[in-house]
Engineer: 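The structure that follows is given in the form of structure tokens.
Below, all heavy atoms of this structure are taken into account, side chains as well, without hydrogens, waters or symmetry copies.
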Amino acid sequence: MGSASIGYPFGISSRFDGKFNSRSEITVSSLPCKVDVSRNSFSSASSSTHKELSNARVCSLPNTDEYCDEKTETPILDSIETPSLLKNLSVKELKQLADEIRTELLSVLWKTQNSMNPSLAAIELTLALHYVFRAPVDKILWDAVEQTYAHKVLTGRWSAISSRQKNGISEVTSRSESEYDSFGTGHGCNSISAGLGLAVARDIKGKRDRVVAVIDNVTITAGQACEAMSNAGYLDSNMIVILNDNRHSLHPNMEEGCKASISALSSIMSKIQSSQIFRKFRELAKAMTKKIGKGMYEWAAKIDEYARGMVGPTGATLFEELGLYYIGPVDGHNIEDLVCVLREVASLDSMGPVLVHVITEENRDTKTGNKIVVKDRRTYSDCFVEALVMEAEKDRDIVVVHAGMQMDRSLVTFQERFPDRFFNVGMAEQHAVTFSAGLSSGGLKPFCVIPSAFLQRAYDQVVHDVDRQRKAVRFVITSAGLVGSDGPVQCGAFDIAFMSSLPNMISMAPSDEDELVNMVATAAYVTDLPVCFRFPRGSIVKRNYLVPIGLPIEIGKGRVLVEGQDVAFLGYGAMVQNCLNAHSLLSKLGLNVTVADARFCKPLDIKLVRDLCQNHKFLITVEEGCVGGFGSHVAQFIALDGQLDGNIKWRPIVLPDGYIEEASPNEQLALAGLTGHHIAATALSLLGRTREALLLMS
């Protein structure tokens with residue numbers, strides 16, 4: 001059980017009590033490769049594959065509080081209190097441990113709707129890393145939280161698993177959570193940069209610990225990762241980069257022959273590349289050719305590059321050009337090969353940065369009965385895509401650019417309908433923004449779809465390549481506000497503030513699906529200024545909703561939904577629904593309040609705001625964003641307009657000035673003080689009815 005207490009203005013406090021988190025065999029006897037484990041030599045990690053479920057959506061799931069599954073025995077897992085205990089296990093026990101972890105994660109993660117495949121694919125790699133290295137003395141950094149569940153299980157956080165705690169394993173890794181987390185895991189591409197920093201700090205302080213940075217083949221394409229590898233090659237500090245290649249590609253039609261493959265030859269070559277004898281011979285050859293002369297040294301270096309390029313996979317020489325010694329590919333599910341290569345690499349003393357290319361498969365599984373597919377209500381993303389398809393049917397200039405770690409399933413509809421007008425650039429948000437600006441300059445109408453937390457990376461491009469040049473780019477900000485089990489990692493708390501502060505940006509937010517459809521039409525209609533609109537994750541308001549034809553909204557025009565007196569709620573975006581909930585609660589207490597939908601943060605509907613101030617005693621603005629957003633724009637206006645000099649009293653309700661950890665969406669809203677009950681209680685307190693406010697919150 002956990003508890004939290006957050007204070008609100010006017011003597012109201014919210015207390016929440018509940019279960020939440022702070023939210024495959026090759027033996028080469030002639031090679032100098034020693035694997036010192038007890039009793040047996042390693043064999044391929046055994047696990048069966050499962051069929052992918054196609055054309056199905058994993059949506060809302062049963063109430064896990066009422067779910068009771070048969071407890072699978074995990075004797076070895078239960079005995080692992082620290083990663084150091086792995087060194088005492090036999091081969092058979094290590095294989096069983098991998099299966100136990102895989103089975104347990106499968107039985108749990110479906111309940112939290114978290115992506116399970118990345119962590120399932122990385123189980124053997126995780127075991128090998130903790131078997132070879134001495135964490136936490138040696139530093140192991142992860143690039144994406146989706147790969148870290150097995151790591152969390154092995155490092156003493158098994159009690160946080162969802163079968164024992166409602167909200168599952170914490171989505172983040174941080175030093176404050178565990179000493180085994182060397183650096184906080186964000187939402188991709190930071191592990192090499194942070195790892196290099198740790199390596200340089202180690203060298204300056206004269207220490208000898210090892211630094212290992214794990215990154216996958218999606219996030220390694222991000223600009224920061226390339227910059228970090230280039231800098232690592234220049235600084236030549238000892239560190240190990242593990243490229244966890246799960247064979248995902250932005251191009252689903254890419255031929256399998258273009259991907260790195262695992263064979264007996266590749267296994268042998270990986271062991272040769274990582275062996276001490278080969279490395280010493282290579283260093284000796286380099287030293288000898290340097291003494292002969294620069295020409296001989298450069299000639300020998302080219303021969304080395306060509307030879308390694310011929311035996312390595314396509315693109316391997318890229319890492320060599322960046323200054324990283326490439327080893328691979330290695331079978332990420334063959335613990336023998338993994339341990340052999342990692343042990344040899346760990347013995348390096350003066351080789352500079354090394355990249356180990358590990359091939360994993362996300363469809364490996366030990367049982368198939370745990371993938372639950374159920375039908376859910378339609379989401380805001382579904383409605384957005386359907387509305388955009390309608391607009392694109394009418395306007396051939398409309399194109400979509402998507403950036404981020406994962407693409408929303410809903411966008412597949414647009415991609416299949418207009419394949420030549422859809423561009424998924426992956427984790428390249430800066431490129432996505434400037435690319436969209438170029439499309440706009442070329443006469444097209446780009447809709448740039450980026451989750452709120454990922455748009456933060458591209459703010460410089462938003463400012464200089466879009467807003468300053470008045471390019472008509474339409475920013476579709478998804479996952480706005482609180483995001484449940486993804487906690488603070490992907491929380492969209494800041495976009496209202498940083499987008500609406502731009503001089504030329506039209507900033508709006510829909511209160512429901514009808515407004516969303518109309519804002520898609522509005523964005524398509526605007527051709528002279530940049531536009532942004534945000535919407536949350538989750539289900540839409542209405543059931544059995546049929547998307548109508550969108551009608552453009554007058555720019556800067558809000559609306560009054562319910563007329564009342566004394567107190568006015570001015571909501572922005574999805575929080576309008578919570579204002580309506582507060583209205584219903586207050587109606588039962590004999591209070592009739594006004595509810596207005598601002599629609600626009602910029603330009604603000606100053607006539608609407610002025611009327612609300614002049615006809616009410618209290619104005620309460622409500623938004624699912626940080627301080628400095630919508631409420632600040634309202635405050636700026638009413639202060640300069642002289643409204644605060646009169647009888648109106650203004651109170652803002654915003655997200656707390658902190659990071660809200662993983663929990664269910666409703667629990668997060670309660671912690672943030674943004675539920676209908678909190679809004680209604682604020683109104684009651686302003687009216688002097690404090691006792692009723694407290695009763696409402698009890």
Side-chain angles (χ1 to χ4, degrees), residues 23 59-60 113 171 187 376-388 402 404 406-411 447 449-456 475-500 507-520 523 532-543 545 547 571-582 597-601 621-626 629-631 653-656 659-660 662-676 678-679:
R23 212 176 326 238
C59 300
S60 73
Q113 301 191 57
E171 278 288 324
H187 39 78
D376 188 18
R377 292 171 59 183
R378 298 169 67 203
T379 66
Y380 278 97
S381 290
D382 295 331
C383 293
F384 158 68
V385 173
E386 290 184 33
L388 189 59
H402 174 267
Q406 294 178 336
M407 187 179 78
D408 193 291
R409 285 176 174 268
S410 302
L411 287 169
F447 280 74
V449 184
I450 306 180
S452 176
F454 290 84
L455 184 59
Q456 294 165 184
F475 292 100
V476 183
I477 306 173
T478 64
S479 296
L482 301 171
V483 291
S485 62
D486 280 328
V489 175
Q490 296 189 30
C491 177
F494 311 111
D495 60 270
I496 300 176
F498 69 68
M499 294 299 279
S500 64
S507 181
M508 51 187 177
S511 59
D512 58 24
E513 50 272 28
D514 289 323
E515 288 292 290
L516 174 57
V517 172
N518 291 335
M519 287 184 182
V520 172
C532 71
F533 58 94
R534 73 189 317 247
F535 56 82
R537 288 186 186 178
S539 302
I540 58 178
V541 177
K542 304 173 185 175
R543 294 183 179 272
Y545 182 70
V547 175
Y572 184 65
M575 286 300 100
V576 172
Q577 298 303 319
N578 289 19
C579 291
L580 290 172
N581 292 338
D597 177 5
R599 284 178 167 167
F600 293 85
C601 179
T621 58
V622 188
E623 63 188 297
E624 195 174 358
C626 67
F630 170 70
I653 299 181
V654 300
L655 288 175
Y659 297 100
I660 298 179
E662 301 78 20
S664 72
N666 288 336
E667 290 165 347
Q668 285 189 325
L669 284 172
L671 285 167
L674 285 171
T675 67
H678 288 88
I679 298 169

Engineer: To the nearest 0.5 Å, what is the distance between CG (Leu388) and SG (Cys383)?
Structural biologist: 12.5 Å

Engineer: Would a distance-only check, ignoring hydrogens and angles, find a side-chain to backbone donor-acceptor pair under 3.5 Å from Glu515 to Asp512?
Structural biologist: no

Engineer: Counting C-beta onward and ignoring hydrogens, is there a side-chain heavy-atom pair between Cys601 and Tyr572 closer than 4.5 Å?
Structural biologist: yes

Engineer: Look up atom CZ in Phe475 and atom CZ in Phe447, then write down how far apart they are to the nearest 0.5 Å.
Structural biologist: 12.0 Å

Engineer: Grab the two heavy atoms, one from Ser511 and one from Tyr380, that are nearest each other, plus how far apart they are.
Structural biologist: O-OH, 4.0 Å

Engineer: Test Glu513 against Lys542 for salt bridge (charged side-chain N to carboxylate O under 4.0 Å, His left out), laying out the working first.
Structural biologist: CA-CA 8 Å; Glu513 50 272 28; Lys542 304 173 185 175; 5.1 Å; no

Engineer: Give, for atom CD1 of Ile679 and atom CG of Leu674, the distance between the pair rounded to the nearest 0.5 Å.
Structural biologist: 6.5 Å

Engineer: Once you round to the nearest 0.5 Å, how far does CG of Leu516 lie from CE of Met508?
Structural biologist: 9.5 Å

Engineer: Could you check whether any side-chain heavy atom of Tyr545 comes within less than 4.5 Å of a side-chain heavy atom of Asp382, counting everything from C-beta outward?
Structural biologist: no

Engineer: Run the side chain to side chain contact (heavy atoms under 4.5 Å, CB included) check on Gln490 and Phe454 step by step: do they pass?
Structural biologist: CA-CA 8 Å; Gln490 296 189 30; Phe454 290 84; 4.0 Å; yes

Engineer: What I'd like to find out is whether the side chain of Ile660 reaches to under 4.5 Å of the side chain of Cys491, using heavy atoms alone.
Structural biologist: no

Engineer: How long is the gap from CG on Leu671 to OG on Ser664, to the nearest 0.5 Å?
Structural biologist: 9.0 Å

Engineer: Is the closest side-chain heavy-atom distance between Asp408 and Thr478 below 4.5 Å?
Structural biologist: no

Engineer: Is the shortest heavy-atom distance from the side chain of Glu624 to the side chain of Met575 under 4.5 Å?
Structural biologist: yes

Engineer: Return the set of residues passing ring-ring contact (aromatic ring centres under 6.0 Å, His included) with Phe384 (not counting sequence neighbours), or none when no residue passes.
Structural biologist: Phe535

Engineer: Looking at every heavy atom in both Leu655 and Ala672, which two are closest together, and how far apart are they?
Structural biologist: CD2-CB, 3.8 Å

Engineer: Any heavy-atom pair between the side chains of Ser452 and Ser479 that's under 4.5 Å?
Structural biologist: no

Engineer: Let me confirm one number: the CG-CZ distance from Leu455 to Arg534, rounded to the nearest 0.5 Å.
Structural biologist: 11.0 Å

Engineer: Hey, are the side chains of Val476 and Phe533 touching, using non-hydrogen atoms and a 4.5 Å cut-off?
Structural biologist: yes

Engineer: Tell me, do His678 and Ile653 make a side-chain contact under 4.5 Å, heavy atoms counted?
Structural biologist: no

Engineer: Would Asn578 and Val622 count as a side chain to side chain contact (heavy atoms under 4.5 Å, CB included) if you check the C-alpha gap in whole Å, the side-chain angles of each, and the deciding distance to 0.1 Å?
Structural biologist: CA-CA 9 Å; Asn578 289 19; Val622 188; 5.7 Å; no

Engineer: Write down the atom of Ser410, the atom of Thr379, and the distance for their closest heavy-atom approach.
Structural biologist: OG-OG1, 4.3 Å

